[in-house]
S.K.: 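Got a structure here, written out as structure tokens. Questions coming.
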Amino acid sequence: MNITLTKNSRISNVDFSNLQFGQIFSDHMFVCDYFDGEWSNERILPYSDIKVSPSSRVFHYGQAIFEGMKAYKDDKDVIWLFRPDENFKRFNISSKRLAIPEITEKIFFNGLNELLKIDRDWIKKGVGNSLYVRPFVFASEPSINATEANAYKFMIICTPAKSYYENQEIWVKIEEKFSRAAKGGVGYAKASGNYAAQFYPTQIAKNEGFQQIIWTDSNNHNRVEEAGTMNLFFKINDTLITSPTSDSILDGITRKSIIELAKKVNIDVEERVITVNEILESSKTGELKEIFGTGTAVVVLPIKAFGYQNNDYKLPDLDNSWSLMLKKKLMD
Ligand code: COI
């Protein structure tokens with residue numbers, strides 16, 4: 001692999017105690033190109049702007065996917081990644097759905113490991129600190145022919161991160177008009193366009209005082225799906241319920257880790273359809289104890305309240321919440 005190191009590290013200008021998610025990037029990036037049917041030219045370069053043609057297909061047809069993963073450093077300066085093999089698998093599942101050529105395990109992990117070694121000082125020790133790693137691939141071929149491209153770029157960039165919603169109370173809105181994904185669509189893939197399509201409905205929700213949307217099924221908006229940057233869990237009485245993954249729900253790595261951890265501590269976990277009616281009813285009777293989201297960026301995020309048809313429903317304040325207990329186990 002070709003490696004060019006920066007002569008001007010930016011690390012001393014960064015206030016690691018005061019980070020906004022995704023604003024500052026580490027000193028280097030990994031790049032690899034796809035041409036003539038193969039991935040080649042793996043290289044690490046100083047983080048910088050890149051040159052792409054205005055006709056690159058990604059700008060016109062959105063052929064792009066990404067992953068999100070976190071690197072941590074322990075007290076002995078050892079770097080840990082959280083289940084990166086799962087991110088690698090999902091990267092190729094997403095690529096396949098978008099007709100993007102799959103990347104080899106060797107290229108993915110050589111690039112990732114080398115980049116993290118070089119930028120290791122950007123990973124800070126201590127609970128709550130991490131380096132968020134963003135692998136992504138996009139159609140770089142200069143052509144606006146509306147078919148899959150013949151040239152792509154695979155890149156990895158890194159941004160030091162605290163929690164995604166640092167010290168914020170999270171209110172979510174149950175969406176009834178817009179949809180995130182439909183049966184047979186790309187909802188299970190980390191397709192860049194899935195996120196773009198959420199911005200407008202989320203903008204409306206934000207103006208109404210919410211941070212995120214609970215997406216419901218596109219047919220009748222009654223089955224809960226996910227929240228766009230996170231999967232959702234509901235504690236009703238003493239059962240933890242989460243929607244089963246499907247072609248419209250992302251197969252979250254934190255989601256499956258939380259299910260495994262909850263089962264280990266003998267929590268009754270149900271992966272089944274959960275409806276808006278069930279949430280409303282159990283909230284009214286007091287049986288709905290907690291809602292929390294899970295995802296790489298948020299890790300485990302307790303929800304304070306949800307809104308539905310102009311009514312707000314607050315979750316009780318709990319001393320022994322499952323969300324915090326499971327988050328601690330996950331971080332440990
Ligand atoms: C992640 O948790 O990695 C996500 O995909 C959320 C991101 C869009 C901020």
Side-chain angles (χ1 to χ4, degrees), residues 19-26 58 62 64-72 80-95 97-98 108 112 115-116 123 128-138 154-168 170 172 175 180-181 186-203 205-206 210-215 225-233 242-243 245 248-259 292-303 323 326-327 330-331:
L19 293 167
Q20 270 198 316
F21 183 85
Q23 302 283 343
I24 291 167
F25 293 89
S26 68
V58 65
I65 63 105
F66 71 92
E67 264 305 321
M69 57 217 290
K70 275 183 176 165
Y72 298 92
W80 295 81
L81 280 160
F82 183 69
R83 308 186 78 175
D85 45 324
E86 294 286 339
N87 292 89
F88 168 70
K89 273 192 243 156
R90 198 173 59 186
F91 196 81
N92 277 340
I93 289 172
S94 301
S95 289
R97 179 63 182 81
L98 274 282
F108 189 94
L112 179 62
L115 183 63
L116 290 181
I123 313 172
N129 294 323
S130 65
L131 188 68
Y132 182 90
V133 180
R134 172 55 63 87
F136 62 105
V137 56
F138 63 91
F154 166 54
M155 301 185 63
I156 308 178
I157 56 175
C158 304
T159 173
K162 294 254 177 206
S163 39
Y164 193 68
Y165 288 107
E166 185 93 324
N167 305 324
Q168 276 189 61
I170 304 302
V172 289
E175 182 60 52
R180 173 187 172 273
V186 296
Y188 69 90
K190 270 186 103 67
S192 308
N194 282 347
Y195 294 78
Q198 295 187 62
F199 295 158
Y200 174 60
T202 307
Q203 226 173 30
K206 280 185 182 161
F210 301 98
Q211 280 75 32
Q212 277 205 27
I213 283 175
I214 293 189
W215 295 104
E225 299 218 310
E226 58 158 275
T229 60
M230 51 194 192
N231 295 108
L232 291 167
F233 286 82
T242 189
S243 313
T245 53
S248 55
I249 298 182
L250 192 83
D251 186 5
I253 297 159
T254 313
R255 173 189 177 277
K256 65 177 117 185
S257 309
I258 288 294
I259 293 173
F292 59 89
T294 61
T296 299
V298 299
V299 188
V300 177
L301 185 72
I303 305 293
S323 62
L326 290 167
K327 179 175 182 179
L330 191 84
M331 297 309 289

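Counting starts at 1 for both ligands and their atoms, in listed order.
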S.K.: Applying ring pair (Phe, Tyr, Trp, His ring centres under 6.0 Å), name anything that partners F233, two or more places apart in sequence or on another chain.
M.R.: F292
S.K.: Around atom CD of Q23, are there more than 12 heavy atoms from other residues, nucleotides or ligands closer than 6.0 Å?
M.R.: yes
S.K.: Is the side chain of T159 donor-acceptor paired with the backbone N or O of F25 at a distance under 3.5 Å, no angle test?
M.R.: no
S.K.: Does some side-chain heavy atom of K190 sit less than 4.5 Å from a side-chain heavy atom of F136?
M.R.: no
S.K.: Check this for me: does any side-chain nitrogen of one of K256 and E86 sit under 4.0 Å from a carboxylate oxygen of the other?
M.R.: yes
S.K.: For a 4.5 angstrom cut-off between non-hydrogen side-chain atoms, does I156 reach F108?
M.R.: no
S.K.: Report all protein residues having a heavy-atom distance below 4.0 Å to some atom of ligand 1; order the list by chain, then number.
M.R.: F21, F66, G68, Y132, R134, Y164, K190, Y195, T229, T296, A297
